[in-house]
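Have a look at the structure below before the remarks.
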Amino acid sequence: MPELPEVETVVRDLRALLPGSVIAAVWTSSRPLRVAWQAEWTQHLVGRRIGHLERRGKWIIVKLDDNASVVVHLGMTGQLRVCDSDEPGDEHVHFRLRLNTGRELRFRDIRRFGSLRWMPPGVPIDSVPRGRLGPEPWDTDPEELGRRIRRSRRAVKAILLDQQVMAGVGNIYADEALFAAKISPLARGVDLTKRQVRQLHRALNRVLQRAIQARGTTIRNYVGGSGLGGGFQDHLQVYGRGGQPCRRCRRPLTRLRVAGRSTHFCPQCQRPSGAASEVESCPSVP
DNA sequence: GGTATTCCCTGCGGGC
DNA sequence: TGCCCGCAGGGAATAC
């Protein structure tokens with residue numbers, strides 16, 4: 001379930017492997033992904049040299065030498081990695097770029113929730129999702145985050161998952177950041193105090209940076225661009241721990257469904273409103 | 001316009 | 001052992 005740290009890890013891995021390579025051939029599977037894709041891949045890509053790779057929210061942008069780009073979303077189970085051309089694939093590989101280096105860039109996606117699109121030169125990445133992408137977590141200050149959160153009556157968990165409010169946060173890191181900030185996922189955005197917003201801003205940045213250091217969280221399928229998994233799953237405080245004791249107060253953690261997503265929190269430490277103390281440090285990551 | 005809900009998709013795990 | 005069912009969740013579509 002790739003979120004910002006996992007996508008950032010994939011991009012960093014691929015930056016060491018892809019730029020400068022020339023695309024020699026394109027292969028697509030007969031099973032289309034959930035999001036329809038263009039059929040003219042060969043015409044658009046063969047002969048093009050791969051340039052820089054960027055990340056925007058959960059989207060991966062592969063720049064080409066003609067200023068067009070390939071934009072990738074990993075969905076739930078998407079894997080984008082470079083491997084040798086003769087490495088065997090399986091029925092879940094949906095897209096292959098054969099490179100002049102003898103290697104391949106492969107997109108594998110078991111649930112087919114991911115997407116690949118060719119973007120002509122000059123089209124901004126923000127136009128890909130249906131709504132505009134919000135800022136990166138570290139490109140906004142607590143005041144701006146507060147304006148975006150407090151204008152909504154939705155639960156703060158739902159607001160954090162909204163990519164128009166802030167790009168990159170998904171279910172795991174929303175739960176972890178809310179726990180670190182001692183804010184209930186059920187609290188309404190409009191009810192958050194300035195102090196709580198400041199703590200949430202700090203917690204989001206801290207959790208995401210620590211997760212990037214650990215190469216993201218591998219629950220089931222996620223691997224980086226070089227095929228290595230993540231390590232942050234060993235440091236999760238609440239996600240996936242419903243019913244287990246809270247690491248702060250030892251009371252059982254609760255699991256609810258908020259905004260259609262499983263949500264894990266401590267009802268004792270994370271009160272819907274009221275004064276919260278300082279953000280607690282996240283667990284240290286090796 | 002804002003918010004909530006449903007759908008897509010497939011592997012896994014639990015219950016029987 | 002094998003079958004059935006619920007769960008996982010990001011983004012788009014739809015409903016209210």
Side-chain angles (χ1 to χ4, degrees), chain A residues 1-8 10 29-37 55-61 71-80 89-95 107-117 119 125-134 136-137 147-178 185-192 208 211 216-223 229-230 232-233 236 238-243 253-265:
Chain A
M1 36 200 83
E3 302 179 30
L4 189 154
E6 290 77 32
V7 177
E8 177 67 24
V10 170
S29 77
S30 56
R31 301 171 73 199
L33 295 172
R34 189 175 58 89
V35 177
W37 54 11
R55 179 193 56 76
R56 180 74 175 90
K58 301 174 191 174
W59 297 81
I60 298 168
I61 307 155
V71 179
V72 183
H73 195 291
L74 300 178
M76 280 287 295
T77 52
Q79 300 171 345
L80 190 66
D90 61 19
E91 72 272 26
H92 301 303
V93 175
H94 300 290
F95 187 81
F107 181 76
R108 182 175 182 268
D109 189 357
I110 294 172
R111 294 187 196 168
R112 290 192 286 144
F113 266 36
S115 68
L116 291 102
R117 308 181 199 205
M119 300 284 285
I125 171 63
D126 288 19
S127 68
V128 174
R130 187 164 163 268
R132 289 180 60 84
L133 285 174
E136 298 286 312
R147 280 192 289 275
R148 289 172 173 269
I149 288 178
R150 290 202 302 228
R151 67 186 175 204
S152 173
R153 299 190 60 79
R154 284 181 292 170
V156 65
K157 170 69 182 282
I159 298 171
L160 290 180
L161 295 178
D162 186 342
Q163 300 301 294
Q164 296 182 57
V165 173
M166 179 182 289
V169 178
N171 204 36
I172 296 174
Y173 300 109
D175 280 3
E176 294 296 313
L178 287 168
L186 302 171
R188 302 206 170 268
V190 70
D191 294 332
L192 258 56
L208 291 170
T217 302
T218 294
I219 303 291
R220 280 183 186 157
N221 304 94
Y222 159 73
V223 294
F232 198 68
Q233 64 277 4
L236 296 174
V238 287
Y239 181 83
R241 298 191 62 244
L253 297 172
T254 294
R255 180 169 159 270
L256 292 176
R257 203 161 182 85
V258 179
R261 303 289 176 259
S262 64
T263 298
H264 313 76
F265 69 106

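Since the structure is predicted, the reported quantities are computational estimates derived from the model, not experimental observations. All chains are named by letter (A, B, ...) in the order of the sequence lines, taking the proteins before the strands, and each is independently numbered beginning at 1.
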Result for 5'-nearest mapping on DNA chain B, choosing between Ala155(A) and Glu91(A), is Ala155(A)
**OP:** Please confirm whether the backbone N or O of Gly57(A) pairs with a side-chain atom of Arg55(A), one donor and one acceptor, at under 3.5 Å?
**Re:** yes
Leu160(A) atom CG is separated from dT3(B) atom P, nearest whole Å, by 14 Å
With the side chain defined as heavy atoms from C-beta on, Arg154(A) is closest, among dC9(B), dT3(B), dG10(C), to dT3(B)
Separation of dG11(C) atom C1' from Met166(A) atom CE, nearest Å, is 19 Å
Report task. State plainly whether the residues Asp162(A) and Arg148(A) are in salt-bridge range, i.e. N to O under 4.0 Å. Result -> no
Q) Does His92(A) make a side-chain N or O approach to OP1 or OP2 of dC9(B) shorter than 4.0 Å? A) no
Out of dT3(B), dG11(C), dG11(B), minimum distance to the side chain of Lys58(A) belongs to dG11(C)
Whole-Å distance, Leu161(A) CG to dG2(B) P, equals 18 Å
Bend of the helix from dG2(B)-dC16(C) to dC16(B)-dG2(C) from end-axis comparison, five pairs per end, nearest 10°, comes to 50°
dist Arg241(A):CZ -> Leu253(A):CG (nearest 0.5 Å) comes out at 5.5 Å
Leu133(A) atom CG is separated from dA12(C) atom P, nearest whole Å, by 9 Å
### Query
Is Thr77(A) near enough to dG11(B) that one of its side-chain N or O atoms lies under 4.0 angstrom from OP1 or OP2?
no
Out of dT3(B), dG10(C), dT10(B), minimum distance to the side chain of Glu3(A) belongs to dG10(C)
So, does Arg112(A) get its side chain near the phosphate of dC8(B), meaning an N or O under 4.0 Å from OP1 or OP2? no
Taking Glu176(A) for the side chain and Val238(A) for the main chain, is one N or O donor matched with an acceptor at less than 3.5 Å?
yes
Against the side chain of Ser152(A), the closest entry in dT3(B), dT10(B), dA12(C) is dT3(B)
Asp162(A) atom CG is separated from dA12(C) atom P, nearest whole Å, by 11 Å
Taken to the nearest whole Å, CZ/Arg148(A) to P/dG2(B) is 13 Å
From CG of Leu186(A) across to P of dA4(B) the rounded distance in Å is 12 Å
### Query
Taking OP1 and OP2 of dG10(C), is either one under 4.0 Å from a side-chain nitrogen or oxygen of Arg261(A)?
yes
Rounded to the nearest 0.5 Å, the OG1 atom of Thr254(A) sits from the CZ atom of Phe265(A) at a distance of 5.0 Å
Gln164(A) atom CD is separated from dA12(C) atom C1', nearest whole Å, by 12 Å
Notebook entry, point to check: If only atom types and distance count, is the side chain of Thr77(A) paired as donor or acceptor with the main-chain N or O of Arg111(A) below 3.5 Å?
Noted result: yes
Heavy-atom nearest nucleotide on DNA chain B taken for Arg153(A) and for Gly260(A); more 5' hit belongs to Arg153(A)
Can you say whether the rings of Trp59(A) and His73(A) are parallel (under 30°), tilted (30 to 60°) or perpendicular (over 60°)?
perpendicular
Self-check item: Donor on one side chain, acceptor on other, His94(A) and Asp109(A), under 3.5 Å
Solution: no
